[in-house]
Amino acid sequence: MKSKLSFLLITHIFVYFRWEEERYTDGSKWRFLEHKGPVFAPAYEPLPEHVHFYYEGKMSNLSPPAEEVATFFSKMLDHEYTTKDIFRKNFFKDWRKEMTSEEKSKITDLKKCDFSEMSQYFKAQSEARKQMTKEEKLVQENERILEEYGFCVMDNHKERIGNFRIEPPGLFRGRGDHPKMGMLKRRIRPEDVIINCSKDSKHPKPPPGTRWKEVRHDNKVTWLASWTENIQGSIKYIMLNPSSRIKGEKDWQKYETARRLKKCVDHIRAQYRDDWKSKEMRIRQRAVALYFIDKLALRAGNEKEEGETADTVGCCSLRVEHIKLYPELDGQDFVVEFDFLGKDSIRYYNKIPVEKRVFKNLQLFLENKQAEDDLFDRLNTSILNKHLQELMDGLTAKVFRTYNASITLQQQLKVLTSPDENVPAKVLSYNRANRAVAILCNHQRAPPKTFEKSMQSLQSKIDAKKQQLFAAKKELKVAKSDTKTFHAVSRVVETKRKAVQRIEEQLMKLEVQATDREENKQIALGTSKLNYLDPRISVAWCKKWSIPVEKIYNKTQREKFAWAIDMADEDFEF
DNA sequence: ATAAAAACTTAGCACCCATGTT
DNA sequence: AACATGGGTGCTAAGTTTTTAT
């Protein structure tokens with residue numbers, strides 16, 4: 001095991017060294033890229049003869065493609081989305097576009113459609129799939145596809161591709177109250193796909209009888225293939241896996257920018273505090289917004305086109321209705337209450353005392369405005385980012401999130417780690433530090449459906465373990481007194497003592513697990529770990545306390561953070 | 001200068017499967 | 001062997017930032 005590890009380590013250093021030599025000075029360019037192109041979604045199998053669709057109670061024969069479209073709806077029948085009016089309206093509208101003229105005149109009302117038989121069929125199918133053995137599931141076939149299409153060669157290195165499959169057709173499900181939910185997401189064909197690869201590579205071949213939309217050779221961008229999606233009209237890309245050089249370097253760069261912010265953040269903070277007093281409204285707004293972004297780790301908040309997406313906001317797009325001002329609340333002065341839906345329609349709710357000057361400014365911004373008016377009417381993300389750019393090269397709003405997340409982790413690790421704790425307790429401390437960041441960044445999750453139950457069963461395990469400990473201690477006592485009374489062999493005492501110790505450790509482990517899980521109920525740690533925390537902080541912490549890095553990062557994460565694992569020693573300071 | 005498009009990062013959730021338990 | 005459970009992974013939507021067009 002050990003030799004394998006050190007071999008890997010050497011390989012990594014070697015690889016990075018090689019890359020160093022081969023790379024252009026501008027790290028974003030590649031010189032050679034070869035790949036096999038994307039994998040297309042398989043065609044739907046027609047429904048078997050005995051599965052029918054009913055209209056007004058009568059059996060009805062549908063011909064493709066309408067059948068294929070109806071399939072999506074029946075597959076989702078028990079999903080809460082399908083009970084929403086917008087979903088049904090959008091679905092039916094798009095379905096009608098796919099109907100033959102005969103169907104179109106016949107099928108005029110979604111309420112009269114009965115998909116239950118189709119729905120049952122798909123449920124049965126997925127049940128059946130669960131029973132299948134590995135061969136039946138075509139595991140090997142999938143592995144072969146991964147091997148053939150899942151990798152590319154960039155700058156002479158074989159790299160894993162992130163998403164090499166074209167997204168299959170289906171019904172669009174946005175998050176939150178999305179006006180387009182239920183719309184038909186159409187099938188992507190080779191004719192929709194642009195291929196990007198190097199001029200001198202073997203071009204990926206389109207499936208027989210088809211052609212690509214375009215083959216281009218643009219080495220200033222990192223995607224291998226792209227297509228335009230029909231719901232929002234945005235472009236989707238096929239790109240490399242996070243373990244790739246091109247992503248890893250970018251990630252590293254991101255944290256280096258955040259570290260540069262660390263050096264000038266005091267100055268920037270002094271500056272925006274000063275700007276709270278500015279004569280110009282736009283500067284005051286900019287300064288207050290920046291204060292929120294810095295202090296509360298809010299997102300920038302771009303404007304969004306109304307009716308195209310769910311109504312969510314970030315800092316610059318906050319509206320009057322999203323904040324409440326309390327000159328005094330629960331013994332604290334100048335409290336601002338935030339309540340709005342952010343990215344992914346996740347609710348941000350926070351009551352926070354602010355400086356008097358900020359409070360007065362907010363009152364000023366709210367004057368003569370309606371609930372639906374912008375709080376910062378003289379500000380948007382591009383104004384803000386332009387200003388930030390002047391303060392520091394490469395500074396944008398999101399750098400504050402990265403900086404504050406990483407610095408919080410580092411601080412919390414210092415505060416929470418006690419040297420004499422054992423490994424599980426230290427890992428708990430790490431998770432707590434991680435959790436502080438997740439709370440700061442408002443990374444939430446739905447409590448797991450089985451949460452209560454699994455918590456209970458863990459508790460009963462703990463109780464059982466306590467009983468066991470009690471019994472073991474008693475046995476130890478008996479053994480001790482036996483030794484005294486009968487001059488028996490002390491080996492027995494040793495064994496008993498070891499048993500007590502072992503059980504104590506097990507109990508401790510369970511208790512730590514319970515605490516960890518309880519505190520984690522509604523908080524998602526993964527996002528901050530993956531996107532906001534400089535991995536070198538974690539690696540350094542592991543080295544300092546002799547914690548195996550595997551306790552903190554799983555295999556995928558270790559691959560993504562290979563650069564940091566190689567780079568950081570225990571003295572690393574963010 | 002501004003708007004729109006393109007490119008790239010961040011996000012939560014469903015599902016799958018290894019693992020441990022009964 | 002059947003079952004539960006939780007972590008890992010794939011998926012793709014939803015953001016931010018950068019680039020290009022007007």
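Letters go in sequence order (proteins before strands), and every chain restarts at 1.
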Rounded to whole angstroms, how far apart are CE on A:Met239 and P on C:dG10? 18 Å
Under 4.0 Å, heavy atoms only, any strand: does A:Arg347 hit a base, just the sugar-phosphate, or nothing? nothing
Return the nearest nucleotide to the side chain of A:Lys247; candidates are B:dT10, C:dT17, B:dT9. B:dT9
Selection: residues 176-197 of chain A, any non-hydrogen atom under 4.0 Å of DNA chain C: A:His178, A:Lys185
With sequence neighbours excluded, residues passing ring pair (Phe, Tyr, Trp, His ring centres under 6.0 Å) with A:His322: none
What residues, two or more places apart in sequence or in another chain, satisfy ring pair (Phe, Tyr, Trp, His ring centres under 6.0 Å) together with A:Tyr348? A:Phe340
For a side-chain contact (heavy atoms from CB on, under 4.5 Å) with A:Leu395, tell me which candidate from A:Val265, A:Leu388, A:Asn385, A:Thr257 qualifies. A:Leu388
Starting the side chain at C-beta, find the nucleotide from B:dA11, B:dC13, B:dC8 nearest to A:Lys250. B:dC8
May I ask you to check whether A:Phe172 and A:His178 place their ring centres under 6.0 Å from each other? yes
Classify the side chain of A:Lys398 versus the base of B:dT9 as yes if they form a donor-acceptor pair under 3.5 Å and no if they do not. no
CG-SG distance between A:Leu379 and A:Cys316, expressed to the nearest 0.5 angstrom: 4.0 Å
With nearest nucleotide decided by heavy atoms, which residue, A:Gln557 or A:Lys304, maps closer to the 5′ end of DNA chain C? A:Gln557
